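All values derive from a computational prediction rather than experimental measurement. Residue numbers start from 1 in every chain, and the chains themselves are labelled A, B, ... in the order their sequence lines are given, proteins ahead of strands.
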Protein chains: 2
Amino acid sequence: MASAPTPPVSAVKITDVAAAAGVAPMTVSRVLNTPERVSPGTAERVRAAIDALGYVPNLIAGGLSSRRSRMIAAIVPTIASPMFAEPVQSFTDAMGRAGYHVMLALSGYGEADEATLIRAVLARRPDGLLLTGARRSPEASRLLATARVPVVEIWDTAEQPTDMLVGFDHEEVGREVAAYFRAQGHTQFAFLGASDIRATARGRGFAQGGLAAQATVKAPGTIVEARQAFRAMARKLTSRTALFASSDLIAFGVLTEARAMGISVPDQLAVCGFGDFELSRGASPAITTVHVDGIAMGVLAAEHLVARLAGRAEGHAHRALVPFRIVERDTT
Amino acid sequence: MASAPTPPVSAVKITDVAAAAGVAPMTVSRVLNTPERVSPGTAERVRAAIDALGYVPNLIAGGLSSRRSRMIAAIVPTIASPMFAEPVQSFTDAMGRAGYHVMLALSGYGEADEATLIRAVLARRPDGLLLTGARRSPEASRLLATARVPVVEIWDTAEQPTDMLVGFDHEEVGREVAAYFRAQGHTQFAFLGASDIRATARGRGFAQGGLAAQATVKAPGTIVEARQAFRAMARKLTSRTALFASSDLIAFGVLTEARAMGISVPDQLAVCGFGDFELSRGASPAITTVHVDGIAMGVLAAEHLVARLAGRAEGHAHRALVPFRIVERDTT
DNA sequence: TCATGTAATGGTATCGATAACATCACTCGC
DNA sequence: GCGAGTGATGTTATCGATACCATTACATGA
């Protein structure tokens, strides 16, 4: 195709297209947003003009006018861990398919003020919000309430979510892992977890029958930190122990160090991780872990949000619990 | 198709604040954007009114008026790999500190049409763009040129980048790894890489002296895929081999399988990965790898963009090569 | 034949902010 | 003592789209 001298994107606006196609701007807008309300012939002409001029609609202007930004803001602690990268990725994909863009805001692990972050993203008037966790400060709750924006919270559960929720109970995960170990005949338990709120909750559930040892690493927790922490912890573990790690990365660190120390797995030390990262499947021995489908969580969160935004929220419950399960591999 | 209800997101607008503070809307705008041009007393009153009313400025309206969105769009293949998650994370952080939000668009590995994606994000009139790689289709280049938007390309290099570039030469990485192996006395080489364009380039550089074996896995490449591929490949490796993997994940898969097969590392098989993921440091044996500071790359990209956006582009070269280095650990 | 419904399209008034210019009150310096 | 300069604030006109309602041209049924 002969590249006609195309004016800068910013220069071509809807009125230019309208003039070129011999219609009113409103008709151009209809061709783009509600094509079924325009006669095929007119739509054809308008589309030809759009192509010829290289028109790229200005969603900022459209958003101001329609009061819908077609944008969702996602606030997660980090995407440097698969724990959050996967749901964010699948959420972004799924929202994209529904015509929404996702703006990413990273909160870190609690050091930043969440309310400030929420205020900042609300300034862009997102049509919806994805938040991590289910505990909001009063300030944050107030902001969200007055903004009247659909909210999905993921990765946790609460009796009274802010709005919609797609998550699960971390304490219950801990209890289930403990029950699993007990069923295997274990009596001495240990926990090695990151310092974040949900990892702590898993530890709490796990520890209900008592703990022979426990250690914490700074969230999100690295392999090297886990190795160091386990080395220190191992001295206290005199007999056969079942260890629950708050993430697969930490579990891998424990296993790596255990091998270096000559501790046999799973005979002397049984290990269960959390997250079912690719590493757990790929490592040898393959790591027993708690599978939580982060990808599904992202997709489900997107579905809830899209349903709400389309006005057909009735079919969906506000609170969806995603299942988790223990994937038994070689370390237990 | 229920028409979406358009509830006033936040009823409070700049005129309300202005009325409450007894000033003109423009003065409120100044308090928020150029506080140094407002007298302290007035600013105080305005801020009090903002707090009292819970005013959250509408950046959509502001953006339309000022023609600056204070938003950057980032297009990366995926964030499910640390390769891209780290730079995206650090870029988002750094841009956030400069007052910009980042919108994330995921392109996958080539199957989607990049130009379509670029057109979609340009509709939001981002003040800048972060793109992965340095090869653009003619269509994409045309779009970017007419949009006159600052662009930073990362993760690759090119003689003529679209605009700014922060990356390095992947072929050179391959050559350097080959040279490193040669210096260690290796003569038989193998490559196991993902199918993406940059991994392929690294393989090309590595293969210049010839390859005893090579295999490709679908990008981005998983541990399990790497194990399978290596198992198939290993039959061809009759003598001492130096293997370059296109990512640390793949290297880890190779090492895991090698251990299972009783191949001694680094005596029979030396392995070098790419990326210096946390896994390489944490695993045992620790994996020799090519370190590329993805976090620094994100920060640097943000600095270039911010400098350009602030109008002080002079101090920065358009094309920054980030250094890489081989981190020697236990597998070579 | 005419009232009425319906599909296609146009005209006008915003949406909520900011740019650009105007205004006003002072302070200097000579 | 007065014009020029300066800092603080106000006024007006957009920014580029869409909502809302009006209008037109037909088709339809009584």
Can you check the [X] [atom1] to [N] [atom2] distance for me, whole Å?
{"X": "B:R68", "N": "C:dA17", "atom1": "CZ", "atom2": "P", "value": "16 Å"}
{"X": "A:Y55", "N": "D:dG16", "atom1": "OH", "atom2": "P", "value": "10 Å"}
{"X": "A:R70", "N": "D:dT18", "atom1": "CZ", "atom2": "C1'", "value": "14 Å"}
{"X": "B:M26", "N": "D:dT14", "atom1": "CE", "atom2": "P", "value": "16 Å"}
{"X": "A:R37", "N": "D:dA19", "atom1": "CZ", "atom2": "P", "value": "10 Å"}
{"X": "B:E36", "N": "D:dT9", "atom1": "CD", "atom2": "P", "value": "13 Å"}
{"X": "B:L59", "N": "C:dG16", "atom1": "CG", "atom2": "P", "value": "14 Å"}
{"X": "B:E44", "N": "D:dA8", "atom1": "CD", "atom2": "C1'", "value": "17 Å"}

Just how far is it from atom [atom1] of [X] to atom [atom2] of [Y], taken to the nearest 0.5 Å?
{"X": "B:L106", "Y": "B:L117", "atom1": "CG", "atom2": "CG", "value": "8.5 Å"}
{"X": "B:L129", "Y": "B:I118", "atom1": "CG", "atom2": "CD1", "value": "6.5 Å"}
{"X": "A:N58", "Y": "A:L64", "atom1": "CG", "atom2": "CG", "value": "10.0 Å"}

Using a cut-off of less than 4.0 Å, is there contact between a side-chain N or O of [X] and OP1 or OP2 of [N]?
{"X": "A:S66", "N": "C:dC15", "result": "no"}
{"X": "B:T27", "N": "D:dA8", "result": "no"}
{"X": "B:T15", "N": "C:dA17", "result": "no"}
{"X": "B:N33", "N": "C:dT18", "result": "yes"}
{"X": "A:S29", "N": "D:dT18", "result": "yes"}

Among the nucleotides D:dT11, D:dT9, C:dC15, whichever has the atom closest to the side chain of A:R67 is C:dC15
Nearest to the side chain of A:L64 - C:dA17, C:dA8, C:dC15? C:dC15
If you pin A:I14 and B:V38 to their nearest nucleotides in DNA chain D, which one's is more 5'? B:V38
Please report the C-alpha distance between A:T78 and B:Q89 in whole Å, then the side-chain angles of each, then the deciding distance to 0.1 Å, and finally whether the side-chain hydrogen bond (donor to acceptor under 3.5 Å, both in side chains) criterion is met. CA-CA 7 Å; A:T78 175; B:Q89 165 111 15; 2.8 Å; yes
Quick one, A:R124 with B:H101, criterion side-chain hydrogen bond (donor to acceptor under 3.5 Å, both in side chains). Give me CA distance, side-chain angles, the key distance, then yes/no. CA-CA 10 Å; A:R124 297 202 181 264; B:H101 283 154; 2.7 Å; yes
Check this for me: does the side-chain of A:R30 come within 3.5 Å of the base of C:dG10 through a donor and an acceptor? yes
